[in-house]
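Here the structure comes first, spelled out in structure tokens, and everything after it is commentary.
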Amino acid sequence: EDQVTQSPEALRLQEGESSSLNCSYTVSGLRGLFWYRQDPGKGPEFLFTLYSAGEEKEKERLKATLTKKESFLHITAPKPEDSATYLCAVHSDYKLSFGAGTTVTVRA
Amino acid sequence: IAGITQAPTSQILAAGRRMTLRCTQDMRHNAMYWYRQDLGLGLRLIHYSNTAGTTGKGEVPDGYSVSRANTDDFPLTLASAVPSQTSVYFCASSNQWGTEAFFGQGTRLTVV
């Protein structure tokens, strides 16, 4: 069975303080690893898809990387508007399996 | 604007009543999914459909049914609602290559 574990559960950062979120996974037949951002009361918002070890993708202050067993979401010089829950999901065969998420709070 | 539309946005439902949550997408995605999101448990897959005319069970299918008569619509039905089905329900869709997957805005359901 596919498993996705995210750490830490919560992360409190000062504005400008860079950090990384971890997503470790076990899956048979990975078709893609997804990162989402979710704001309170909203649906998950698609950020990135990564397909193979060594791949990296960037969007503004966010950079996602992928190895054979885990993915990292790096937040560089975060701003308060980066506060959200970040979800990782693996796509295998017929479904997306999600981790529990990391809630990031960025203080001004 | 392309995307996924869910209805209703929220609903309070008496236990034992039947309820259908609606989901429509206009991206011509082959695959569609229903998830429930509960505090501390994350997003759990209820049912999925890889293409029109086919459906499958996810990890928490009991008490729910789905149908996929066409590409765009994927309704979720609670035949006889129970309080444990109180949750936020999200519909999602993805293309056949798995390169993108998008979510609706969610339906907040309270069963009393």
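Values in this document were obtained by computation on a predicted structure and should not be read as measured data. Below, chains carry the letters A, B, ... as their sequence lines are ordered, and counting in each starts from 1.
Close approach to chain B, defined as a heavy atom under 4.5 Å from one of its heavy atoms, is seen in no residue of residues 58-76 of chain A. At a heavy-atom cut-off of under 4.5 Å, chain B is reached by R31(A), F34(A), Y36(A), Q38(A), G41(A), K42(A), G43(A), P44(A) from residues 7-44 of chain A, listed in order of number. Heavy-atom neighbours of chain B within the stretch residues 80-92 of chain A, taken at a separation under 4.5 angstrom, comprise L87(A), H91(A). Within residues 46-55 of chain A, the residues that have a heavy atom under 4.5 Å from a heavy atom of chain B are F46(A), T49(A), Y51(A), listed by number.
Less than 6.0 angstrom separates the ring centroid of F98(A) from the ring centroid of F103(B).
Only the side chain of L45(B) comes within contact range of chain A, judged by heavy atoms closer than 4.5 Å. Proximity to chain A (any heavy atom under 4.5 Å) is shown, for A101(B), by both the backbone and the side chain. Looking at Q37(B), the atoms closer than 4.5 Å to chain A (heavy atoms on both sides) all sit in the side chain, from C-beta outward.
Contact count versus chain A (heavy atoms, under 4.5 Å) is highest, among Y48(B), F90(B), F102(B), for Y48(B).
Using a 4.5 Å cut-off between side-chain heavy atoms of Ile, Leu, Val, Met, Phe, Trp and Tyr, with links allowed through other members, F74(B) and Y64(B) fall into the same hydrophobic cluster. M27(B) and M32(B) are not part of a single hydrophobic cluster, where members link through side-chain heavy atoms under 4.5 Å apart. Linking ILVMFWY side-chain heavy atoms closer than 4.5 Å, directly or via other members, places V66(B) and L109(B) in a single hydrophobic cluster. Residue L76(B) is not grouped with residue Y35(B) when hydrophobic side chains (ILVMFWY) are merged at heavy-atom distances under 4.5 angstrom, including chains of intermediate members. Placement of M19(B) and Y89(B) within a single hydrophobic cluster is found when ILVMFWY residues are connected by side-chain heavy-atom separations under 4.5 Å, directly or transitively.
With a 6.0 Å radius and a threshold of 12 heavy atoms from other residues, nucleotides or ligands, R108(B) has its CZ atom at or below the threshold. For CZ of R107(A), the number of neighbouring non-hydrogen atoms (other residues, nucleotides, ligands) closer than 6.0 Å is greater than 12. Under a cut-off of 6.0 angstrom, the local environment of NZ in K79(A) is sparse, with at most 12 non-hydrogen atoms contributed by other residues, nucleotides or ligands. Counting heavy-atom neighbours within 6.0 Å of E100(B) CD, excluding the residue itself, gives a total above 12.
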